[in-house]
Amino acid sequence: MLRMSTLFLRTLREDPADAEVPSHKLLVRAGLVRRVAPGVFTWLPLGYLVYRNVERIVREEMDAAGFQEVHFPALLPREPYEATGRWTEYGETLMRLQDRKGADYLLGPTHEEMFTLLVKGEYSSYKDLPLVIYQIQTKYRDEARPRAGILRGREFVMKDSYSFDIDDEGLQRSYDRHRDAYIKTFDRLGLDYVIVSAMSGAMGGSASEEFLAPCESGEDTFVRSDGGYAANVEAVVTVPPAEVPIEGLPAAHVEDTPDTPTIESLVDLANARFPRADRPWTAADTLKNVVLRLEHPDGTTSALVVGLPGDREVDMKRLEAQVSPAVPSPFEEADFAAYPQLVKGYIGPQVLGEDRGIPYLVDPRVVSGTAWITGANEQGKHVFDLVCGRDFTPDGTIEAAEVRDGDPAPDGSGALHSARGIEIGHIFQLGRKYAEALDLTVLDENGKSRVVTMGSYGIGVSRAVAAIAEQHHDDKGLIWPREVAPADVHIVATGKDAAVFEKAEELAIALEDEGLRVLYDDRKVSPGVKFNDSELLGVPTIVVVGKRLVDGMIEIKDRASGDREEVELTAAIPAILAACGR
RNA sequence: CGGGGCGUAGCGUAGUGGCUAGCGCGCUUGCUUUGGGAGCAAGAGAUCGUGGGUUCGAGUCCCGCCGCCCCGACCA
C-alpha cells in the first residue's frame, strides 16, 4: 500500500515555468518526474510505477510473440560503429566519451551493430533462423534541441528488437509478427494511434511503418482522411485527374508578359490582358518550373526541374524522399550561369528534358491533355495553352508538391487533413545493410554462404508514458488508463474523525487483499488538498471515506467520467472491485 | 547552428540606479480549522547564474562567459 503521508511525493500547485506541453507540465506537477539536465529526467516513485507498468506491458507482449529478451550495455566501443560508418554518420547526435587510456566509446543511440555482431558470434546456420531478440535499454542521443519534457529527451528508454531471417519472406513474417505485437501493446497502453507508412530514409530499408499517437504536441506531421487513410506526408500519393483528349484544344501561343517573374503577377496580367471567357485565370492554370540542384553520393551535382501547378509549392521533405540518396538544394545564381537556356522566372518545358540535359519531372496532376500557362524561356514572355502530351512530354512524374488539407486521399476515402502525432513505435524492414557491413552470414541448405536479412523495431517506452499523459488528461490533471496507472484505487480519507481513518485503512487493507493496488491518502491536510491531488495524480478510481461515514456511506468516483456513486460501507468492496473492472 | 526570450529562496514571481531584496505556494512551531488547494501568530530559507566594468552607490546600466526555454534547421 502506498501511503501519502510517507510517500516521496510533492505535488506542485503551479505549472513549472519551463514546461510547454501538457504531459511535461502534468508529469512535473503531479510529482512523477524531475528534470536533472536538458532532456534528462529522474523518475520519482509514482512516475516510476507508471513507467514500469508501461515497460511490463511492452515486455509481456514481446514475450508473448515469442521474442527473446537480452540486455546490452549502454556503454559501447567505437569499432562496431566504425565498421558501419555510423561513428561519423551519426554526427553530433552521438554521445562520445573516452576511457582513461584515451580509447573511444559511445553511449548507444541504437544497437543494430551490437545485435548483428552478437548473432554473428553465435549462429552460423540457416537452421538457427528465424530469430528475434530484443532489449529494453536506455538510449542516448545528444539531440540538438531536447524538448517537451520526456517526449524528446537525450536519455530515454527504448524497446528495440531485431529480426534475423534467411530470406525476404521470412523477414516479412517477422515484420508482421511485430506489427501484431505492437497493435496489442499500444491497445493495452490505452493509446490512440494510427499506423502510417513511412519512408525508410537513411536506413536504407524497404518497408517501414510508424505508429503515431495523434496529439497537438506531436512532432511528426501526417495526414489522415475521415475514411481511415493515414500516411506520412512523404508517403502520400497524388490522385491524378483524368486525361483530356488533345484533339480540338487551342494551339499554343506565346504572349508578351512583361514584369511577371512571379505566379501572382503573371495571373494578374493574364486576367487583365488575356481574359478567359469561362472564368478568371488562377495560379492553378500556370505551370511552375522549379529548378533544383541535386548532390549525388559520389559528389557530383546535377540539375533537376520539377513542374507543378503554380498554386503549389515544392515540399522539400517530399522531394528529398523521392530523390534520395541524392540531396536537393535550391538553384543558386552560379548554377543558373551554367545553364544559359534557363531564364529565371520564365522557364518553360520546351527547353527541358533528359535528352536536353535537364531532367524534367512533373507533378502527377500534369497529365496528358492539360493546358498551361508557362514560361516561354524568354525574358518577359509566357506561352499559353501549352498542352502536355502535345507540346511537351515530361520525363516522368514526381511526388514533390506540397500536400494540402482537402486533397483527396489516394484510396478514395475522403479529403485529407493534416494532423500531428508522437512517434511511439517504428517497424522497419532493414534488409541486409548491417548484415553486409558486419558480414553476418549463415550457411543455407546447400552449404552456401548467405547474408542474413534483418528487421529493426522500436517502441519508445519512456516516450509512451508522456504520450499517454498527452492523450489522457483534463484541466484537473492526469487520467491514467487502468493498466498503466500507479494504483487501481486512490482512497481519500477526509476529516479529522479517527473513525474515518480507521475505516479507510481497513478498507485499504481489504482491497489490497483482493489484489488491488491501493494509494491511500492518510495525510492530515484539508479535504480540498486531497481532492485536488487525487485528480492531479489521475488514479482511475477514487474512493472517498469522509463525512458520510456517519451514515455508513462512502463515495466511489470515476476519475475519467467524473461519475460518483454512494455505496454502503458494508457493500464497498464488491462495488469498488466492480468499478475497477474486476 | 540561425532567430527570439529568460536567469532573483525548493516552486511560481515582484523589484526601470538609493535604506535591511518584497510577495504567493511549499517548509518549521503553536493554537484554531477539516467535503474542494483553511485562519491567526511566530520562524527558517537568497553570496539576485557567473566574471569583469561604470558609479559615492548595481538585482537594476555596459561587456564577456555559462545556463535554460521557445521557434526554425536537425532528428530509425
Name the closest nucleotide to the [X] side chain, picking from [options].
| X | options | result |
| --- | --- | --- |
| A:Thr494 | B:C69, B:A76, B:G35 | B:G35 |
| A:Tyr162 | B:U34, B:A76, B:C70 | B:A76 |
| A:His426 | B:C74, B:A76, B:G36 | B:A76 |
| A:Thr110 | B:G35, B:C27, B:A76 | B:A76 |
| A:Arg10 | B:A76, B:G26, B:G72 | B:G26 |

Whole angstrom is fine here: how far is it from [atom1] in [X] over to [atom2] in [N]?
| X | N | atom1 | atom2 | result |
| --- | --- | --- | --- | --- |
| A:His178 | B:A76 | NE2 | C1' | 14 Å |
| A:Arg154 | B:G67 | CZ | P | 10 Å |
| A:Leu44 | B:C11 | CG | P | 14 Å |
| A:Arg35 | B:C69 | CZ | C1' | 10 Å |
| A:Glu143 | B:A76 | CD | P | 9 Å |
| A:Tyr175 | B:A76 | OH | C1' | 12 Å |
| A:Asp315 | B:A73 | CG | P | 11 Å |
| A:Asp521 | B:G36 | CG | P | 15 Å |

Any strand: nucleotide that pairs with [N] via Watson-Crick or wobble, under 3.5 Å:
| N | value |
| --- | --- |
| B:G10 | B:C25 |
| B:A73 | none |
| B:C48 | none |
| B:C68 | B:G5 |
| B:A38 | B:U32 |

Donor/acceptor link under 3.5 angstrom from [X] side chain onto base of [N]:
| X | N | answer |
| --- | --- | --- |
| A:Tyr434 | B:A76 | no |
| A:Glu14 | B:G26 | no |
| A:Glu112 | B:A76 | yes |

Would you say that [X] contacts [Y] through its side chain, given a criterion of any heavy-atom pair below 4.5 Å between the two side chains?
| X | Y | value |
| --- | --- | --- |
| A:Asp522 | A:Thr6 | no |
| A:Val306 | A:Ile398 | yes |
| A:Arg34 | A:Phe41 | no |
| A:Met553 | A:Val567 | no |
| A:Val539 | A:Thr541 | no |

Query - Atom CD of A:Gln98 with >12 non-hydrogen neighbours under 6.0 angstrom - result: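 Enclosed: over 12 neighbouring heavy atoms sit under 6.0 Å from CD of A:Gln98.
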
Query raised in the report: Hey, is CD on A:Glu219 packed in by over 12 heavy atoms from elsewhere, all under 6.0 Å?
Result: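 Correct, the count exceeds 12.
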
Query raised in the report: Just one of A:Lys159, A:Glu55, A:Met158 clears the side-chain contact (heavy atoms from CB on, under 4.5 Å) bar with A:Ile459, so which one?
Result: A:Lys159

Scan [X] against the nucleic acid and name what it touches under 4.0 Å (heavy atoms): base, sugar-phosphate only, or nothing.
| X | answer |
| --- | --- |
| A:Pro109 | nothing |
| A:Glu209 | nothing |
| A:Met316 | nothing |
| A:Ala148 | sugar-phosphate |
| A:Arg564 | base |

Query raised in the report: Any cation-pi pair here, A:Arg96 with A:Trp87, using under 6.0 Å and within 45°?
Result: yes

**Report entry** A:Lys524 to A:Phe501 six-membered ring, cation-pi geometry met (6.0 Å, 45°)
**Finding:**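 Yes, A:Lys524 sits over the ring of A:Phe501.
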
Measuring only the [atom1] atom in each nucleotide, how far is [N] from [M]? A whole number of Å is fine.
| N | M | atom1 | result |
| --- | --- | --- | --- |
| B:C27 | B:U55 | P | 48 Å |
| B:A73 | B:G36 | P | 49 Å |
| B:U32 | B:A44 | C1' | 23 Å |
| B:C19 | B:C48 | P | 16 Å |
| B:U47 | B:C62 | C1' | 22 Å |
| B:G12 | B:G52 | C1' | 32 Å |
| B:C11 | B:G3 | C1' | 30 Å |
| B:C68 | B:U50 | C1' | 14 Å |

Distances under 3.5 Å only, N/O to N/O: pair up the protein atoms with those of nucleotides 37-39 of chain B.
residue: B:G37; atom: O4'; partner: A:Asn532; partner atom: ND2; Å: 3.2
residue: B:G37; atom: O2'; partner: A:Arg13; partner atom: NH1; Å: 2.4
residue: B:G37; atom: O2'; partner: A:Arg13; partner atom: NH2; Å: 2.6
residue: B:G37; atom: O6; partner: A:Arg29; partner atom: NH2; Å: 3.1
residue: B:G37; atom: N2; partner: A:Asp533; partner atom: OD1; Å: 3.2
residue: B:A38; atom: OP2; partner: A:Ser526; partner atom: OG; Å: 2.7

Find every protein N or O atom lying less than 3.5 Å from an N or O atom of nucleotides 4-9 of chain B, and list the pairs.
none

Query - Closest-nucleotide ordering on RNA chain B, the 5'-leading residue of A:Lys476 and A:Ala19 - result: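 Checking each residue's closest nucleotide, the 5'-ward one belongs to A:Lys476.
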
Query raised in the report: Between A:Pro16 and A:Glu20, who's closer to the 5' end of RNA chain B by nearest nucleotide?
Result: A:Pro16

Report task. Please step through ring pair (Phe, Tyr, Trp, His ring centres under 6.0 Å) for the pair A:Tyr182 and A:His426, ending with a clear verdict. Result -> CA-CA 9 Å; A:Tyr182 277 31; A:His426 195 163; 9.7 Å; no

Requested in this report: For A:Asp474 and A:Lys476, run salt bridge (charged side-chain N to carboxylate O under 4.0 Å, His left out): C-alpha distance rounded to whole Å, both residues' side-chain angles, the deciding distance at 0.1 Å, then the answer.
Outcome: CA-CA 5 Å; A:Asp474 60 17; A:Lys476 295 189 174 81; 5.5 Å; no

Query raised in the report: Salt bridge or not for A:Arg318 and A:Glu402, using N-O below 4.0 Å?
Result: no

Query - Pairwise distance OG(A:Ser161) to CZ(A:Phe115) - rounded to 0.5 angstrom - result: 7.5 Å

Query raised in the report: Is there a donor in the side chain of A:Thr453 and an acceptor in the side chain of A:Asp165, or the other way round, less than 3.5 Å apart?
Result: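 The criterion, which ignores hydrogens and geometry beyond distance, is not satisfied for A:Asp165 and A:Thr453.
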
Requested in this report: Using heavy atoms and a sub-4.0 Å distance, could you list which residues of residues 540-563 of chain A are near RNA chain B? By number, please.
Outcome: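 Within this stretch, A:Val544, A:Gly546, A:Lys547, A:Arg548, A:Glu555, A:Lys557 sit under 4.0 Å of the strand.
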
